[in-house]
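Report on one structure; see the data block that follows.
So you know, we letter chains A, B, ... as the sequences are listed, proteins then strands, and number each from 1. Just so it is clear, the model here is predicted, and its values are computed rather than measured.
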Protein chains: 2
Amino acid sequence: MNEFEIIDRITQILGRAARAESVLVGPGDDAAVVSVPPGFELAVTTDTLVAGRHFPTDAPGDLVGCRAMGVNLSDLAAMGASPSYCVVSLTIPQADIPWIEAYARGIAEYAKRYGASIVGGNIARGPLAVSVTAHGLLPAGEHLLRSGAQAGDMVFVSGTLGAGHAARLANDPRFYRIEPRIDLGQELRGWATAAIDISDGLLADLGHVCRASGVGARLTLEAMPVAEGIEPETAITCGDDYELLFTARERPDVDEPITAIGEVVEEEGITVLDLGRAVAIDKSEGYRHF
Amino acid sequence: MNEFEIIDRITQILGRAARAESVLVGPGDDAAVVSVPPGFELAVTTDTLVAGRHFPTDAPGDLVGCRAMGVNLSDLAAMGASPSYCVVSLTIPQADIPWIEAYARGIAEYAKRYGASIVGGNIARGPLAVSVTAHGLLPAGEHLLRSGAQAGDMVFVSGTLGAGHAARLANDPRFYRIEPRIDLGQELRGWATAAIDISDGLLADLGHVCRASGVGARLTLEAMPVAEGIEPETAITCGDDYELLFTARERPDVDEPITAIGEVVEEEGITVLDLGRAVAIDKSEGYRHF
């Protein structure tokens, strides 16, 4: 197969995932053309996964497709956005058709599940890497930022912590099959004063929120919703959870599981209290990209 | 520098390129947030350049940044769109700060020149590759497609052919400093029945237009606007020109240099006439990605 035949095959697999009323021009032209309804803004995010660094080089294509979509959709969740359009890029050493087809199936599965249309992409020969640029719709002015936390706010986290990290160590498919908190992100609009998704680790990501907001935080270690078999110290420093970490004046009335884990304070820096005593946490900077 | 310091440095260099009134949230949060004015559509395209395949591994960062922006802006030109927002991704083996800073300067130069805001991006460790997703605005319904060519239309090309290829062979900076036909693309709205930019080679790209439109074409070799020192047969098969190739009922009234090079016919396939006689052209499929 040449490039154009491969693209045709990928487009076939993406099938209905590529089409929606708001997709005016889908894959196959110089660019896709999409519409944004009046009164809405567009959130845009991109993330690249490199073989041998972000996933094992022998990882199945479908799982890599799922993770590439999942990490980007999680960023949209952290903005409070509803997934709308994605462009997907693949760099691969050979025209390994079964792998590419599996990758397209993974992309299509997540696209359908979360309501995102795959509107275009790129394929190139080179070291294995995948990249997704995801777009999400937001009612004008309702985006969630990292910078709105204020002293006195409560700190919350969704779900449990540490399972993503354990799945990474075990090379479990759940490492790839991220469940981005898309519904929660949208529910948090109007409640959260600041939000971020946990990709680098809770302490590191809370650090981003605190720096962007010019505040600090005090966390209660025993309050952490830790996944079974995970130490609390690991749970708050390991990455890969893709839960939402957010601050709010009061407990939001939402359908998803959330846990209050601390409070925002004026003094900069993050203090972790274990039964009332401040403890030092190693590896507090989370996943480092460089 | 760690990842976050590198991103801060890149964001500093991008400076004003990152800001525009329609950029509601720029780099630094989980996603950027942009607005699309009422009555406009958004064109979205992405292209990845891999070191050792699309550019030499020792190419200067600024030139790689220019080319990464240029190839994507050229796709926007072929849609008739006006550049608005870009996200830029870099995968690099080491934190080579001077190279990364030069790359950011190249990105910023093109962003400023063509009015595109850099709203976000990604940096990861891995084999050198760059990827840009470019967004352009279009008045609703006015996008140019590959699929509108009709028998009886004239075929036109902008500028001259072959210079990009010669620059590639000579490793001349002009290979990187693409001049996407942004103004022409917008002028062609309402004139062109189909349009594409020449990246794979004139014959290959005209083939895309013909297939998408269900037509054929007859070209006049001696009419080709060939760059100095290039053979006409090379000029119509080599890639990298980033000129616009388009069809129209009549000669458009535009400011940019354009040349009529043939006509659209009902029968499928492309015939090249040299002084009235059909000739066979080798390498007629242009640049192959696989």
**OP:** Answer with side chain, backbone, both or neither: which region of Thr133(A) has an atom nearer than 4.5 Å to a non-hydrogen atom of chain B?
**Re:** side chain
**OP:** Would you mind checking which part of Val87(A) comes under 4.5 Å of any heavy atom in chain B, side chain (CB onward), backbone (N, CA, C, O), both or neither?
**Re:**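 Only the side chain of Val87(A) comes within 4.5 Å of chain B.
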Determine the minimum heavy-atom distance between [X] and [Y], stating which atoms define it.
X	Y	value
Ala248(A)	Thr193(A)	N-OG1, 3.7 Å
Arg125(A)	Gln94(A)	NH1-CA, 3.6 Å
Leu244(B)	Ala77(B)	CD1-O, 4.0 Å
Ile198(B)	Gly201(B)	CG2-C, 3.6 Å

Selection from [options] maximising heavy-atom pairs under 4.5 Å formed with chain A:
options	value
Val50(B), Val209(B), Leu49(B)	Val50(B)
Ala43(B), Ala81(B), Ala78(B), Ala32(B)	Ala32(B)
Val25(B), Leu42(B), Leu24(B), Thr45(B)	Leu42(B)
Leu138(B), Thr48(B), Val36(B), Asn72(B)	Thr48(B)
Glu41(B), Met79(B), Arg146(B)	Arg146(B)
Gly120(B), Ser147(B), Ser89(B), Gly136(B)	Ser89(B)

**OP:** For the pair Tyr110(A) and Tyr114(A), name the ring-plane relationship: parallel under 30°, tilted 30 to 60°, perpendicular over 60°.
**Re:**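 Tilted.
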Original post:
Between Asp75(B) and Val71(B), is a side-chain contact (heavy atoms from CB on, under 4.5 Å) present by the stated rule, with each step listed?
Top reply: CA-CA 7 Å; Asp75(B) 278 324; Val71(B) 298; 5.8 Å; no
**OP:** Check whether Ala140(B) gets within reach of chain A through its side chain, its backbone, both or neither, counting any heavy atom under 4.5 Å.
**Re:** neither
Original post:
For Thr91(B), is it the side chain, the backbone, both, or neither that has a heavy atom closer than 4.5 Å to a heavy atom of chain A?
Top reply: side chain
Original post:
Do Glu243(A) and Asp205(A) pass the side-chain contact (heavy atoms from CB on, under 4.5 Å) test, and can you show the C-alpha distance, the side-chain angles, and the key distance before you say yes or no?
Top reply: CA-CA 11 Å; Glu243(A) 295 293 348; Asp205(A) 289 314; over 6 Å; no
Subject >> Among Gly126(A), Pro127(A), Gly39(A), residue most engaged with chain B (heavy-atom pairs, under 4.5 Å) >> reply: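 The option with the most such pairs is Pro127(A).
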Original post:
Rounded to the nearest 0.5 Å, what separation is found between the CD1 atom of Ile10(B) and the CD atom of Gln12(B)?
Top reply: 10.5 Å
